Number of protein chains: 2
Amino acid sequence: MTSKVYMEILQQLYRIIEEDGLSAGDKIPSERELSERLKAGRSSVREALRSLEFLGIIETRRGEGTYLKEFGEHQLIGLLGMFILQEKKAKEDLAETKWLIEEIGLTLACERRTEVHLRELQMLLKQPLDYETFFHWVLKAGNNYLLERIWRVLNDFYQWQHGTISLPHSFYEQMHQSLEESDLEKIRALFAEHVKHSR
Amino acid sequence: MTSKVYMEILQQLYRIIEEDGLSAGDKIPSERELSERLKAGRSSVREALRSLEFLGIIETRRGEGTYLKEFGEHQLIGLLGMFILQEKKAKEDLAETKWLIEEIGLTLACERRTEVHLRELQMLLKQPLDYETFFHWVLKAGNNYLLERIWRVLNDFYQWQHGTISLPHSFYEQMHQSLEESDLEKIRALFAEHVKHSR
DNA sequence: TAGCGTTAGGTGGTCAGACCAGCTTGATTT
DNA sequence: AAATCAAGCTGGTCTGACCACCTAACGCTA
């Protein structure tokens, strides 16, 4: 039984969150209370909380308390990348994986996009559109939340490294039309062209 | 100037790693030394280290020290998953995402597999093969480490929920042959058949 | 009574020091 | 030379003490 206390605490905390039915925005018990309830030192509780905070899962507010956070706020990406993405192969894999997932997203969106989605995209097209916003829409229309999450993480990493991608407005317009016509071939061709130029 | 000490420490630590030219496997200064060098309490240093450990960036060994870890062991996606998969829709998405990534893996493997890979698969085929082992090989042959990691996480979750998948040995044999012939159509067809039955 | 300070208590942030547990190393013993 | 043991590192944990900050209840004034 040499497992680390802060890991146990994470497990317990997860259980507490489940049992109490806590969700994004809710306040979790204070450090001192957790320390008491879980029979652990406050420092151990804090070590557990720091991990969660670093991942953007919780948010601590001095003098107020600790709150569950909405996903997507992961500012950890920058730091993570800072520590991790130093190797060349990793960078290549990142770009490729992002493209692959974007292609999947397009495929899913092609068969699942509703009229509502299309109208929303048409709205977006009325003003200058950026790559991130467009694929955000794509993954949304693809109706797979997990895939959307994964893409968002990868995209954040990628942007942190390369900056934002910008494509001519016509790209998005053609995509829109092809999506409306459910013309998967055309969509794939358009995307392949973009990827080829980006490499 | 109310920024948190442990965040400062992360910055400083990164600087130290850079200046000392430390890389994966190397030992970083002890908690007490960092505490002294950075003029911070040891508990603050520990909070910073816990975050990095949780992300899999470092590894602590009691009695020995703290070491930088290889890229790839980072549990980012896994942890995200742990907290994401509370939602119901996510569980449905999990299966789909796994299939989608497996299909990508097959596509990549089809064009990138080497003779060595094929011979390795042939070896595996000499005895009963399970789904996990096969796709582990596939993602390996696909030569995208990041994608492999993502798949592994998804697969672990999936198995945890549904148990292991078992397919007739002929499935793997046909896949092997198709991969050898780089027959992408056949590969896709085989896989689509499996997915259809699994739904 | 309505509005405004004041204050007490709770909460996170940080530190210092103590002790335990496990590993390494080198001196000591056999 | 090999086996043994002890000292001194390292991480792991707990306690108690402050500080900075926020909130809410209280009591005062207008």
Side-chain angles (χ1 to χ4, degrees), chain A residues 1-14 16-17 20 22 24-70 73-76 79 83, chain B residues 1-14 16-17 20 22-70 73-75:
Chain A
M1 203 24 199
T2 326
S3 64
K4 303 179 186 177
V5 172
Y6 91 91
M7 279 298 185
E8 300 285 334
I9 292 177
L10 285 174
Q11 301 269 345
Q12 295 297 313
L13 184 55
Y14 182 62
I16 288 177
I17 290 174
D20 295 3
L22 302 180
D26 290 341
K27 186 174 178 177
I28 66 178
S30 74
E31 297 178 352
R32 289 173 176 83
E33 187 184 333
L34 285 173
S35 170
E36 203 173 323
R37 276 172 70 172
L38 306 181
K39 286 164 181 38
R42 192 180 152 213
S43 52
S44 292
V45 170
R46 281 184 61 80
E47 288 187 14
L49 293 180
R50 280 303 72 66
S51 302
L52 295 183
E53 184 184 47
F54 195 51
L55 277 178
I57 292 170
I58 61 171
E59 179 185 0
T60 56
R61 296 206 277 267
R62 190 202 206 103
E64 290 185 63
T66 305
Y67 300 81
L68 283 180
K69 213 164 154 184
E70 202 72 58
E73 308 297 321
H74 38 62
Q75 77 299 353
L76 73 128
L79 283 166
F83 277 90
Chain B
M1 237 306 264
T2 326
S3 63
K4 304 179 187 179
V5 172
Y6 91 90
M7 278 298 185
E8 300 286 332
I9 292 177
L10 286 173
Q11 300 272 346
Q12 294 298 314
L13 184 55
Y14 179 62
I16 289 177
I17 289 173
D20 296 3
L22 302 180
S23 61
D26 291 340
K27 186 174 178 175
I28 66 178
S30 75
E31 296 179 354
R32 289 174 176 81
E33 187 184 333
L34 285 174
S35 170
E36 203 174 323
R37 278 172 69 172
L38 305 181
K39 287 165 179 37
R42 191 179 153 213
S43 51
S44 291
V45 170
R46 281 184 62 80
E47 289 186 15
L49 293 180
R50 279 304 72 65
S51 301
L52 295 184
E53 183 185 48
F54 197 49
L55 281 177
I57 293 170
I58 61 171
E59 180 184 358
T60 56
R61 295 205 278 267
R62 191 201 205 103
E64 291 184 62
T66 305
Y67 300 81
L68 284 179
K69 221 163 151 182
E70 297 289 343
E73 303 303 317
H74 70 83
Q75 306 154 11

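Here is how names work: the chains are called A, B, and so on, in the same order as the sequence lines, proteins then strands, and each is numbered from 1. Please read these numbers as outputs of a predicted model, since none were measured by experiment.
- Of all the heavy atoms in Pro29(B) and Ile16(B), the pair that sits closest is CG-CG2, 4.4 Å.
- Salt-bridge annotation for Arg50(A) and Glu53(A): present, with a side-chain N of the basic residue lying under 4.0 Å from a carboxylate O of the acidic one.
- Shortest non-hydrogen contact noted between Ala40(A) and Ser35(A) is O-OG, 2.5 Å.
- For the side chain to side chain contact (heavy atoms under 4.5 Å, CB included) test with Ile28(A), the passing option among Thr60(A), Asp20(A), Thr66(A), Leu52(A) is Thr66(A); the others fail.
- Residue Leu13(A) holds its CG atom at 7.5 Å from CG of Leu38(A), rounded to the nearest 0.5 Å.
- The side chain of Glu64(B) approaches dC23(C) more closely than any other nucleotide in the set dC23(C), dA18(C), dA21(C).
- Residue whose closest nucleotide on DNA chain C sits further toward the 5' end, between Ser35(B) and Gly63(B): Ser35(B).
- Protein atom NZ of Lys39(A) is 17 Å distant from nucleotide atom C1' of dT15(D), rounded to whole Å.
- The distance between atom NZ of Lys27(B) and atom P of dC9(D), rounded to the nearest whole Å, is 12 Å.
- Note on Ser43(A): a base of the nucleic acid sits closer than 4.0 angstrom, heavy atoms only.
- Residue Arg46(A) places no side-chain N or O under 4.0 Å from the OP1 or OP2 atom of dG12(C).
- The nearest whole Å value for the distance from the CD1 atom in Ile9(B) to the C1' atom in dC15(C) is 11 Å.
- At the phosphate of dG10(C), neither OP1 nor OP2 sits under 4.0 Å from any side-chain N or O atom of Ser30(A).
- Checking dT13(D), dT14(C), dG11(D) against every side-chain atom of Ser44(B), the shortest atom distance belongs to dT14(C).
- Taking atom CZ of Arg62(B) as the reference point, atom C1' of dT10(D) lies 10 Å away to the nearest angstrom.
- In this structure, CD of Glu53(A) is placed 14 Å from C1' of dT11(C), rounded to the nearest angstrom.
- For the pair Leu34(A) CG and dG10(C) C1', the interatomic distance rounds to 14 Å; values are reported in whole Å.
- A donor-acceptor contact under 3.5 Å is not formed by the side chain of Arg61(B) with the base of dG11(D).
- Residue Thr66(B) places at least one side-chain N or O closer than 4.0 Å to OP1 or OP2 of dG11(D).
- Counting to the nearest Å, the P atom of dG12(C) and the CE atom of Met7(B) are 17 Å from each other.
- No hydrogens or angles were tested; on distance alone, nothing pairs the side chain of Arg50(B) with the base of dG11(D) as donor and acceptor under 3.5 Å.
- dG13(C) atom P lies 14 Å from atom CD of Glu47(A), rounded to whole Å.
- The nucleotide whose nearest atom lies closest to any side-chain atom of Arg42(A) is, among dC15(C), dG13(C), dG12(D), dG13(C).
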